[in-house]
*Asks:* 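Mind having a look at this structure? Questions to follow.
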Protein chains: 2
Amino acid sequence: MTRPGSRSGTTMNDVAAAAGVSQATVSLVLNDAAGTRFSEETRRKVHAAVHELGYRTNAHAKVLRDGVAGMIGFVGDFVATAPFAGKIIEGAQARAWEAGLLLLAVNTGGDKALEAASLETMLSYKVAGVVYAAMYHRVLDVPDVLAELPAVVLNSRDRSGRFPSIAPQEELGGYMATKRLVDAGHRRIAMINIGAVDGELPAAAGRHAGYLRALREAGLDTDPRLHRIGDGHESGGFDNALALMTGPQPPTAIFCANDRTAWGSYQALAQLGLSIPHDVSLVGFDNQETLAPHLRPGLTTLELPFLEMGRRAIEVLLAGAERDGSTEYFECPLVERHSVAAPLKTATSF
Amino acid sequence: MTRPGSRSGTTMNDVAAAAGVSQATVSLVLNDAAGTRFSEETRRKVHAAVHELGYRTNAHAKVLRDGVAGMIGFVGDFVATAPFAGKIIEGAQARAWEAGLLLLAVNTGGDKALEAASLETMLSYKVAGVVYAAMYHRVLDVPDVLAELPAVVLNSRDRSGRFPSIAPQEELGGYMATKRLVDAGHRRIAMINIGAVDGELPAAAGRHAGYLRALREAGLDTDPRLHRIGDGHESGGFDNALALMTGPQPPTAIFCANDRTAWGSYQALAQLGLSIPHDVSLVGFDNQETLAPHLRPGLTTLELPFLEMGRRAIEVLLAGAERDGSTEYFECPLVERHSVAAPLKTATSF
DNA sequence: CCGTGCTGGTAATTCGTATAACCAAGCCCC
DNA sequence: GGGGCTTGGTTATACGAATTACCAGCACGG
């Protein structure tokens, strides 16, 4: 009644003994080694013994001999915790698994000591490479120890330029978001940003640059009063949307540089009795899945392609992670929902 | 200028050679082995060589000899992806790290083949134990292979009763949520559930049982029309809140069995022009951090103690995970915000 | 001058797997 | 009838660290 191979102590020698062959034979048969020939009878006996004993290869012995483990390290600051960035780890893990690799994941919570210790441990385990991920897009300093193996910076850029980086294409995203509003017929389009344009926040700077490009391309003037600095949270959206809509020459559309900001704007507009998209059109950024689809009306927004970015990070690692310091940018696709419509025909659209 | 120990190939033998001692000496000195005596001079030379060469112990060689690895497997269905359950993995990882262990995490996405393969790989790596986690509280079937090592079921219960389980105390949560409303003076309290009470959803059944207990304890009658079955999403909250408030004898308070349901109720109440908490009080469940604090007004809700549950899972593993099939329940603390107030003095409160 | 005990180390073995090198038996063919 | 090829395996070793058993040298006591 007890399953035969429940003890984890079964080794290749046990299998060999049970099958009446040598340990080498077991190894060669199991690995289907090229250039070796064994009788069908022997193969059958080996496999039968493996099954009978519940043999499982000892990965450590294998790694010790082969030098490289079937694991990839994943170090993130808050990746597993962040509401939407879990996707990034999911994508990485899925791709790693396709290559037969497991992810050794650590959330440092920003703790540099933990980060250093984790990396040491990962190196001890001879991980095939390390993905160094950040919760939000920024320019960061990569620990020196990563120079010892293939490493990729994910959702950020490496300041030192030593490592390949993978980041979202912020400028194009800002452009597409704004263009969506321009194409809908809007002529007075505000932007509520998630931070200062000159700070170390590529998302704020890039999305704003795209916003400006779309406006200029459409021949619209870029009233600086229409660009407001929020904080990336609901309150930033709430306060700024309120200010924009109650001020002189209110916009007919607002590009919110993230979904939480957009949510704050929804709340402000509701308070003002303005309807979306009838009175004001809105575009967000992030496509936060716990938020954007559930707002009423659903928020049209740009998706951060975290799943793909995570996948790609592993691919770059597997390809050797050329130490050229280049950054690979991922396009953020527009996710159409119901927060954009044509502007009301008012004096401003005349 | 180049860092000395950048090559990862440095072994204990290299260190021994550089220090002019034997490999055994290096090992004994580095591990500070009890009962051995080495001169200060020798110790110094060893440490100097280690530093000079950038030696790092090969974890696989160590595990191969010692038998158990410094890793714990974490298998979840959607844990990393789920909006709030990332906490569960964060807690587990933090506790594991305190014990010097790393988490080998896999998200199966519900794929049983991937799950089986991951577990095999983890066993190959001689993980010290496995946490088998579920995104939402349910009764589940644990893969047989887990019987081979210490294993804990997290955020669910093991149907077979073979493994220790860790789950939230749903009934008490439902009781506390409802009691909060009773204590505020409400006498007609509805509940919008997240599923059927008789399904395999301990959360739905437990929270409802607690709801009933609180009502009975307060001597209130339990009008079955006040208990409505939602789907756990916004729409379930929206539709049912609408129905409740526009029906006969509307409640003055609603216990929503999760925060998303509560959010849907917010939207329905807003549409009806009812204010929270003035016209209707609301209590949620989950304390979803991307949602509950950001609603206007902030949602009073019960916290799922995922961080602590994750920590506890590792502790149970470290203690050997006694195969007694017991379930350890975690209390869900009430998080007070601003969605509960005393009912308006109407005829029903008279 | 020999036995005993202490100091400060070293040699050898073990863990489980992969693989290079080797080998015995059988058969063919000149 | 012996050289050479094929078939079907085996033996031996390396990977890197931990640990047990052992050992050389010296001091001391009787």
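Throughout, protein chains are lettered first and strands after them, A, B, ... in sequence-line order, and every chain is numbered starting at 1.
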*Asks:* Less than 4.0 angstrom from a charged side-chain N to a carboxylate O is my criterion; do B:R56 and A:E148 meet it?
*Replies:*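 Result for this pair is yes, salt bridge flagged.
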
*Asks:* If each of B:F38 and A:N13 is mapped to the nucleotide of DNA chain C with the nearest heavy atom, which maps nearer the 5' terminus, i.e. the 5' end?
*Replies:*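 Between the two, 5'-proximity favours B:F38.
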
*Asks:* Touch check for A:V26, heavy atoms < 4.0 angstrom, all strands: base, sugar-phosphate only, or nothing?
*Replies:*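 Since no nucleic acid heavy atom lies under 4.0 Å of A:V26, the category is nothing.
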
*Asks:* Using a cut-off of strictly less than 4.0 Å, decide whether A:N31 has a side-chain nitrogen or oxygen near OP1 or OP2 of C:dA18.
*Replies:*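 So the side chain of A:N31 is within the cut-off, an N or O lying under 4.0 Å from OP1 or OP2 of C:dA18.
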
*Asks:* Respond yes when some side-chain nitrogen or oxygen of A:K62 is under 4.0 Å from OP1 or OP2 of C:dG16, and no when none is.
*Replies:*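 False: A:K62 side-chain N/O out of range (4.0 Å or more) of C:dG16 OP1/OP2.
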
*Asks:* Tell me if the side-chain of B:R37 makes a donor-acceptor pair with the base of C:dT7, cut-off 3.5 Å, by modelled atom types.
*Replies:*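 Flag unset: no donor-acceptor pair detected.
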
*Asks:* Mind checking which nucleotides bracket the chain A contacts on DNA chain D, 5' to 3', with an atom under 4.0 Å from a heavy atom?
*Replies:*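 Contact boundaries, 5' end first: D:dT7 to D:dG16.
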
*Asks:* Between A:E41 and A:R44, does at least one N-O distance fall below 4.0 Å, as a salt bridge requires?
*Replies:*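 Salt bridge present between A:E41 and A:R44.
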
*Asks:* Determine, for A:D141 against A:K112, whether the closest basic-nitrogen to carboxylate-oxygen distance falls under 4.0 angstrom.
*Replies:*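 No, A:D141 and A:K112 are not salt-bridged.
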
*Asks:* Do B:K126 and B:D66 sit within salt-bridge range, that is, some charged N less than 4.0 Å from a carboxylate O?
*Replies:*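 Looking at B:D66 together with B:K126, the answer is no, because their closest N to O distance does not fall below 4.0 Å.
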
*Asks:* Does any part of the side chain of A:R159, heavy atoms only, come nearer than 4.5 Å to the side chain of A:L140, both counted from C-beta?
*Replies:*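 No - every pair of side-chain heavy atoms lies 4.5 Å or more apart.
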
*Asks:* Taking only N and O in the side chain of B:T42, is any of them less than 4.0 Å away from OP1 or OP2 of C:dG9?
*Replies:*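 Affirmative; the distance criterion is met.
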
*Asks:* To the nearest Å, give me how far apart CD (B:Q23) and P (C:dA11) are.
*Replies:*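 Spelled out: CD on B:Q23 to P on C:dA11 is 11 Å.
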
*Asks:* Taking NZ from B:K126 and P from C:dT17, how many angstroms apart are they, rounded to a whole number?
*Replies:*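 Checked: the NZ to P distance equals 8 Å.
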
*Asks:* Which nucleotide wins on minimum distance to the side chain of B:T25, given the candidates C:dG9, C:dT19, C:dT17?
*Replies:*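 Nearest to the side chain of B:T25 among the choices is C:dG9.
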
*Asks:* Base, sugar-phosphate, or nothing for A:V63, non-hydrogen atoms under 4.0 angstrom?
*Replies:*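 If one applies the 4.0 Å heavy-atom cut-off, A:V63 turns out to touch nothing in the nucleic acid.
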
*Asks:* When the C1' atoms of the five terminal pairs at each end define the local axes, what inter-axis angle does the helix from C:dC1-D:dG30 to C:dC30-D:dG1 show, to 10 degrees?
*Replies:*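 About 80° separates the two local helix axes.
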
*Asks:* One thing to verify: whether B:E200 and B:R157 come together as a salt bridge, which I'm taking to mean a side-chain N less than 4.0 angstrom from a carboxylate O.
*Replies:*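 No, this pair does not count.
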
*Asks:* So does A:R95 pair up with A:E90, basic N to acidic O under 4.0 Å?
*Replies:*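 Salt bridge: no.
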
*Asks:* Between atom CZ in A:R65 and atom P in C:dA18, what is the gap in whole Å?
*Replies:*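 That distance rounds to 8 Å.
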
*Asks:* Nearest 0.5 angstrom please: B:D77 CG to B:N107 CG, how far?
*Replies:*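 The CG atom of B:N107 is 7.5 Å from CG of B:D77, to the nearest 0.5 Å.
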
*Asks:* Roughly, in whole Å, what's the span from CE in A:M12 to C1' in C:dA18?
*Replies:*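 So the CE-C1' distance, A:M12 to C:dA18, works out to 8 Å.
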
*Asks:* Considering every strand and a 4.0 Å limit on heavy-atom distances, what is the contact class for A:S39: base, sugar-phosphate, or nothing?
*Replies:*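 Result for A:S39 = sugar-phosphate.
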
*Asks:* In whole Å, I'd like the distance from the CG atom of A:D14 to the P atom of C:dC15.
*Replies:*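 Result: 11 Å.
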
*Asks:* Rounded to the nearest angstrom, tell me the gap between atom CG in A:D66 and atom C1' in C:dT17.
*Replies:*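 After rounding, the gap between these two atoms is 8 Å.
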
*Asks:* Is it true that B:E120 and B:Y125 share a donor-acceptor pair across their side chains at a distance under 3.5 Å?
*Replies:*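 Note: B:Y125 and B:E120 side chains miss the donor-acceptor criterion.
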
*Asks:* What closest approach, in Å, do B:A92 and B:F74 show between heavy atoms, and which atom pair accounts for it?
*Replies:*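 Looking at all heavy atoms of both residues, the closest pair is CB-CE1, 4.0 Å.
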
*Asks:* Between C:dT17 atom C1' and B:H60 atom NE2, what is the distance in whole Å?
*Replies:*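 Computing the B:H60:NE2 to C:dT17:C1' distance gives 13 Å.
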
*Asks:* Atom CZ of A:R56 and atom C1' of C:dG16: how far apart are they, to the nearest Å?
*Replies:*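 Nearest whole value for this atom pair: 15 Å.
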
